[in-house]
Amino acid sequence: MWTLLKHPVFGRLFAAQVVALLGTGLLTVALGLLAFDLAGATAGAVLGTAYAIKMVAYVGLSPVAGALVANLPRRPVLMAADLVRAGVALFLPFITEVWQIYLAIFLLQTASATFTPTFQATIPDVLPDEDDYARALSLSRLAYDLENLLSPALAGVLLLVMSYHWLFGGTVVGFAVSALLILGTALPARQPAKDRPFRARLTRGIHIYLATPRLRGLLALNLTAAAAGAFVIVNTVVVVRSGFGGTDRDVALALACFGGGSMVAALALPGLLKRLSDRPVMVAGAFVLTVLMFVQTLITPDWGTFLILWALTGIGYSATLTPQGRLLRRSAHSEDRPAVFTAQFALSHVCWLITYPLAGQAMTAWGMGPTLGILGLVGVTGLALALKLWPEGDPVVIPHTHDDLPPDHPHLKEHGRKHAHAFVIDDEHHAWPTHG
């Protein structure tokens, strides 16, 4: 897996992702502490609302942004998004009111709604080999885990010598360095796409996504992951500070345990996915998350047990989400990948739009046990839907016939009336086969 870092393009893109995520991780810690300063024990509600605003930006703006930049070169799009995020982060240390948190989050995530799908859709073109791409997905998951592991650890060290307000400076540096790394990287050109009207570009990815059974199952699994992840992200600071009477560094330690568990799973997944298909691995991860949420409604953990539970949650979370890029890649032509990745970005964040405010408001009203019970019900709903929507034994290639086509159709001349390929959706909303 680590040999991929020698790849001249992927290595620089991965480095850009890591430094940007380290900065984002510092932002997560600092934002939680800022919310606690401004709102005290109701910080969970403030963060839940802030992250709900983040999801509104993702869900509402990412399809629009994706359609607007669909024909633009990737490098300037990525750099512009990074520079906008750095500019917004410059103002974060000066926030004194809760509404200012909401405004800053909206502006920051508007830029991320452009950056992230574009970045994710670039990697399959950089690494066309399936095994290389699977390893790249695990490395990408590790990058997100570095945000959850190293950023809190780094924050804990920095908080020994400075105020948390200075952590926002690390966010600015992370985005700025990411832009510089992308500036020096020769990215592959976008695949030539059909000249479609804006409305078609806006809806194409979502149409392909919702027409594909495995991707409908993926969306349901995202709901389970969001239920568990929202509690960790929104309420860790409240549980540690108010529940355990911990310090800022204890908050960083708890988040690091979650990230460490996720990292363990990400390291194991490339080998595991050579022996098992994506579905059982992802379903098992969602099952672990659901069980852990229900277990914590029945027990009151001590500090050590709490850290172990957070690490196990990280393992289940990573197992559920890391393989998703493989599903997206095999479900669309290369020219449609940006649209499908954008659809995944938007639709998956609908799940977070539900769970973020639920986690924050329920925690404020009823406490940890009942909140995890409610989120556990959301998680088990997602798991049940995934099992129903994503057929067991779902093949990459699907045998099918085209009895509706005339005998002289060029598709039949090339492949015959009965053959096997993977499916994508064309402009007329008919299921057509594609190689690979």
- prompt: Can T116 and S112 be counted as having a side-chain donor-acceptor contact under 3.5 angstrom?
  reply: no

Y102 atom OH, over 12 foreign heavy atoms within 6.0 Å: yes

task: Please tell me if the side chains of F306 and M368 come closer than 4.5 Å, counting only heavy atoms from C-beta onward.
output: yes

message: F287 vs L387, test: side-chain contact (heavy atoms from CB on, under 4.5 Å). Steps then yes/no.
response: CA-CA 11 Å; F287 178 77; L387 293 173; over 6 Å; no

task: Please report the closest heavy-atom contact between A50 and I101, naming both atoms and the distance.
output: CB-CG2, 4.2 Å

query: So, do P338 and P117 sit near enough that their side-chain heavy atoms are less than 4.5 Å apart?
result: no

field: Contact summary for Q17 and S140, nearest pair of heavy atoms
entry: NE2-OG, 3.0 Å

The single option from R204, R216, Q344 passing side-chain hydrogen bond (donor to acceptor under 3.5 Å, both in side chains) against Y209: Q344

- request: Using the test side chain to side chain contact (heavy atoms under 4.5 Å, CB included), find all partners of A286 that sit at least two apart in sequence or belong to another chain.
  value: L221, T224, T320, L383

message: With heavy-atom distances below 4.5 Å as the criterion, would you say the side chains of R214 and S331 are in contact?
response: yes

query: Just wondering, do F106 and L61 contact through their side chains at under 4.5 Å, heavy atoms?
result: yes

field: Non-hydrogen atoms of A319 and L269 that approach each other most closely
entry: CA-CD1, 4.2 Å

- prompt: Do the non-hydrogen side-chain atoms of S62 and T114 ever get within less than 4.5 Å of each other?
  reply: no

task: Can you see which heavy atom on P357 is nearest to which on A52, and at what distance?
output: CD-CB, 3.8 Å

task: Would you please test L210 and L215 for side-chain contact (heavy atoms from CB on, under 4.5 Å) and show each step?
output: CA-CA 7 Å; L210 295 179; L215 298 186; over 6 Å; no

- prompt: Do the two ring centres, one from W310 and one from F258, sit under 6.0 Å apart?
  reply: no

D125 and R337 ion-paired at < 4.0 Å: yes

- request: Identify the two heavy atoms, one from L307 and one from C257, that lie closest to each other, and give their separation to 0.1 Å.
  value: O-CB, 3.7 Å

- prompt: Quick one: is the NZ or CZ of R85 closer than 6.0 Å to the six-membered ring centre of F115, and within 45° of its axis?
  reply: yes

task: Flag the pair L108 / L27 as yes when at least one side-chain heavy-atom distance between them is below 4.5 Å, and no otherwise.
output: yes

query: Given D278 and R330, is the side-chain contact (heavy atoms from CB on, under 4.5 Å) satisfied, shown in steps?
result: CA-CA 12 Å; D278 300 299; R330 70 173 62 125; 3.0 Å; yes

- prompt: Is the W303 ring parallel, tilted or perpendicular to the F244 ring (thresholds 30°, 60°)?
  reply: perpendicular

task: Could you walk me through whether M293 and F231 pass the side-chain contact (heavy atoms from CB on, under 4.5 Å) test, one step at a time?
output: CA-CA 9 Å; M293 285 187 281; F231 188 89; over 6 Å; no

- request: Can you tell me which residue pairs pass the side chain to side chain donor-acceptor pair (under 3.5 Å) test with a partner in residues 281-290, sequence neighbours excluded?
  value: none

- request: Evaluate the side-chain proximity of L78 to L187: yes if any heavy-atom separation is below 4.5 Å, no if none is.
  value: yes

message: Quick check: closest heavy atoms across L26 and G170, and the distance to 0.1 Å?
response: CD1-CA, 3.8 Å

